[in-house]
S.K.: 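The following block contains the structure, expressed as structure tokens.
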Amino acid sequence: MFYPTPKQMKTIEANSEKDGLSCRELMERAGDAIAMQICSIGLELSLSSGTVFICGSGNNAGDAFVAARLLAQIGFPVTIVLVCGDPSTEMAMAEYCELSEYGNVEVLNAEDNSKKLKKIMSEAAVIVDAVYGTGFHGFLPKKVKDCLAMAERSSAIKIAADMPSGGDSLNGTVAEGAIKADFTLAFGYKKIGMLIQPLSDYCGEIITSDIGLTEKCLDGIEYLPELLEDEAASELIPKRKKNSYKGDFGKLLNVSGCAEMSGAAFLSTKAALRSGVGLVTLASVGKVIDRIGSAIPEATYLPLTAGNNGEISEKNADKILERCANKTALLIGCGLSATKDTKALVQKLVKEAACPIILDADGINCIADNIDIIRNAKAEVIVTPHTGELARLSGITVSEAASDRLTAAVNISRDSGAVVVAKGVPNFVAGEGRAYIIPAGNPGLSRGGSGDVLAGIIAAFRAQGLSAVDSAALGVLIHGEAADIAAEELSETGMLPSDVIERLPFVFKKRNR
């Protein structure tokens, strides 16, 4: 299931025109979908009290004009409310002019008919919001907010045409003055912003309306966001044959931990082992290995020389690279710390390691000011940034990254060639020309250590031979599902990252793996 961005939706519509289905025909079909939904509501309500269409000046209004005409043709009273003046596009104007043929269609200018509008809206059975559609961003003008406020006070069923006006279909923000719809009719595809709060709360029941867009219309569109479906996710999990042995499921080297953060090394190592990898070697300083070695007997250990502050010294680089020779993935960064020593270490490892790399936490911080290191890496790289790290990698502010994590992730992936896991709600994965939306997980993950668990899961899948983007997407999904089980059993407040690790087997069991 795809969730296009506004820009991608324009490309899809343009491709549809090339494929023989014109934009005018798409408008007709969108309007028909609105009319059909209204008539469906009319089976339970009387439409004789009227349907009100609040219309802007663009093609979203054109969709509403088509619906108004179709309702008028079967005898229902219709009111068109113009909140932005006359239609400004050729297609919308053409549909608007056709309404003059129907005596049961009344057209009102919002600014000149305030009192009349209050009465009409208070009595209406249905109100359709068709002001902006998917192209909106910014602030709602006062005249639009005033009209929507009248609609908000009405007991009528409210339908949003493609998108509640005031909602940004890219980043899910909602402008002041927007109203909550009972239904949102998404034309062709649901849009990416519909999955993001607060916009997701404003859409009501989202109904995808088929307007004739074919799969061919998606050709050539890179990073088209899609959900990782359950069946596809289960198929990605490596199957274990009866004659399998540990070497069939990869060998992971985990360079993590320092004297102050041994827990991160524990969590990432344990999570990787719980996610099916055949062998895990933790490469860390002696203090870390001494603390956690007996707690994870299934792992092997590579003791490393410590720097002055208890971090892994740069002097260990060649030793680690030598161990990488027979590994199928290299995880770097969980609890590593970001010092002069570790920065030099990480940069050398990324440049020279021949096996796939997963960079998490301080691994990202150690290279964030020089993304060329990722671009010039010998092997494929997966990075797993939270919003602050995403901002540093992108060279933008934290607020800019937070407002549009998907675009930031896609830009980093395009620029560096890395697969990017932009952690948040929902999670986004971008890489290899693909983009995934992963809505799994809950607020119980909002605590230190959750990212270490996720990094270990992703690294385990990459070590087992999944592609970089599939490893990242599946890792995020499995992590979220285990977190949901933990929250159900223990509560979001009481659950810990280690509890998530212990629930991983139940996720794999449910998926018959």
Side-chain angles (χ1 to χ4, degrees), residues 223 228 233 236-238 250-256 264 267-269 271-272 275-277 280 324 327-336 346-347 349-368 371-387 389-390 392-394 405-406 408-424 427-438 450-480:
Y223 297 100
L228 180 58
L236 288 174
I237 300 171
K251 300 175 182 179
L252 174 66
L253 181 61
N254 181 12
V255 182
S256 294
L267 292 168
S268 55
T269 301
S275 299
V277 66
V280 179
C324 285
K327 303 302 181 186
T328 53
L330 171 63
L331 171 59
I332 308 171
C334 302
L336 194 66
V346 171
Q347 291 175 17
L349 293 180
V350 173
K351 286 178 182 178
E352 298 184 23
C355 60
I357 296 168
I358 300 86
L359 273 183
D360 181 60
D362 284 328
I364 296 171
N365 294 328
C366 286
I367 56 89
I371 199 170
D372 283 344
I373 293 169
I374 297 177
R375 191 181 296 113
N376 298 323
K378 185 180 291 187
E380 288 181 324
V381 178
I382 300 171
V383 292
T384 59
H386 58 55
T387 302
E389 293 160 350
L390 190 68
R392 287 194 288 278
L393 287 172
S394 304
R405 290 179 297 109
L406 174 62
V410 167
N411 287 343
I412 293 169
S413 179
R414 278 201 172 110
D415 184 43
S416 68
V419 170
V420 182
V421 179
K423 294 184 285 194
N427 297 276
F428 296 117
V429 175
E432 302 170 11
R434 297 153 66 191
Y436 282 108
I437 314 146
I438 316 291
S450 294
D452 303 313
V453 175
L454 173 60
I457 298 169
I458 292 172
F461 289 139
R462 189 69 187 95
Q464 291 174 77
L466 274 67
S467 73
V469 70
D470 285 342
S471 297
L474 180 62
V476 172
L477 179 65
I478 297 298
H479 180 242

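Residue indices begin at 1 and follow the sequence shown.
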S.K.: Could you grab the distance from atom SG of C355 to atom CD of E380, nearest 0.5 Å is fine?
M.R.: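 So the gap between those two atoms works out to 11.5 Å.
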
S.K.: If you define the side chain from C-beta out and look only at heavy atoms, does anything of P238 sit under 4.5 Å from L466?
M.R.: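 Yes, side chains in contact.
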
S.K.: Counting distance only, does the side-chain N/O of R462 pair as donor-acceptor with the main-chain N or O of A329 below 3.5 Å?
M.R.: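 No; judged by distance alone, with no hydrogens or angles, the pair does not exist.
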
S.K.: Hey, what do you get for NE2 (H479) to CG (N427), rounding to the nearest 0.5 Å?
M.R.: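 So the NE2 of H479 and the CG of N427 are separated by 9.0 Å.
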
S.K.: State, yes or no, whether a side-chain contact exists between L474 and I478 at a heavy-atom distance under 4.5 Å.
M.R.: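 The answer is yes; the side chains approach within 4.5 Å.
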
S.K.: Taking all atoms of both residues into account, what is the closest heavy-atom pair of V429 and A472, and its distance?
M.R.: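 So the two residues come closest at CG1-CB, 3.7 Å.
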
S.K.: Find the distance between CD1 (I358) and OG (S471) and round it off to the nearest 0.5 Å.
M.R.: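 Interatomic distance, I358 CD1 to S471 OG, rounded to 0.5 Å: 7.5 Å.
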
S.K.: Specify the closest pair of heavy atoms between D452 and C334, including all atoms of both residues, with the distance to one decimal.
M.R.: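 Closest approach of D452 to C334, heavy atoms only: OD1-CB, 3.4 Å.
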
S.K.: Which atom names give the shortest non-hydrogen contact between E389 and T384, and what distance separates them?
M.R.: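 Distance-wise, the nearest heavy atoms are OE1-O, 3.9 Å.
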
S.K.: If we ignore hydrogens and angles and just use 3.5 Å, is the side chain of N376 paired with the main-chain N or O of I373 as donor and acceptor?
M.R.: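 No: the side chain of N376 does not pair with the backbone of I373.
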
S.K.: Would a 4.5 Å heavy-atom cut-off, applied to side chains only, mark L390 and I412 as touching?
M.R.: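 Of all side-chain heavy-atom pairs linking I412 with L390, at least one is under 4.5 Å.
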
S.K.: Taking all heavy atoms of S275 and all of I457, pick out the closest pair and write down the distance.
M.R.: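 Heavy atoms of S275 and I457 come nearest at OG-CG1, 3.4 Å.
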
S.K.: Are any of the side-chain heavy atoms of P385 and V420 separated by less than 4.5 Å?
M.R.: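 Yes - at least one pair of side-chain heavy atoms lies under 4.5 Å apart.
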
S.K.: Among N411, V383, I374, L393, which residue meets the side chain to side chain contact (heavy atoms under 4.5 Å, CB included) test with S416?
M.R.: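 Among the candidates, only I374 passes.
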
S.K.: For A408 and S394, work out which heavy atoms get closest and say how close.
M.R.: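 Heavy atoms only, the tightest pair is CB-OG, 3.8 Å.
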
S.K.: With L252 as reference, evaluate L330, V277, T328 under the side chain to side chain contact (heavy atoms under 4.5 Å, CB included) test and give the passing residue.
M.R.: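 That would be V277.
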
S.K.: Are any of the side-chain heavy atoms of C324 and L253 separated by less than 4.5 Å?
M.R.: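 Yes - at least one pair of side-chain heavy atoms lies under 4.5 Å apart.
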
S.K.: Once salt bridge (charged side-chain N to carboxylate O under 4.0 Å, His left out) is applied, what residue pairs with a partner in residues 465-474 remain, sequence neighbours excluded?
M.R.: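 Salt bridge (charged side-chain N to carboxylate O under 4.0 Å, His left out) check on residues 465-474 returns R434-D470.
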
S.K.: So, taking the atom named CG in L336 and the one named OG in S256, what distance separates them when rounded to the nearest 0.5 Å?
M.R.: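 Rounded to the nearest 0.5 Å, the CG-OG separation comes out at 6.5 Å.
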
S.K.: Among N365, L349, I367, which residue satisfies the side chain to side chain contact (heavy atoms under 4.5 Å, CB included) criterion with L359?
M.R.: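 Running side chain to side chain contact (heavy atoms under 4.5 Å, CB included) over N365, L349, I367 with L359 returns exactly one hit, I367.
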
S.K.: Are side-chain heavy atoms of S268 and L331 found at a separation under 4.5 Å?
M.R.: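 Sidechains of L331 and S268: in contact.
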
S.K.: How long is the span from the CZ atom in R405 to the NE2 atom in H386, to the nearest 0.5 Å?
M.R.: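 If I round to the nearest 0.5 Å, the distance is 12.5 Å.
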
S.K.: Quick check: closest heavy atoms across A435 and Y223, and the distance to 0.1 Å?
M.R.: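 Looking at all heavy atoms of both residues, the shortest contact is CB-O, 3.7 Å.
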
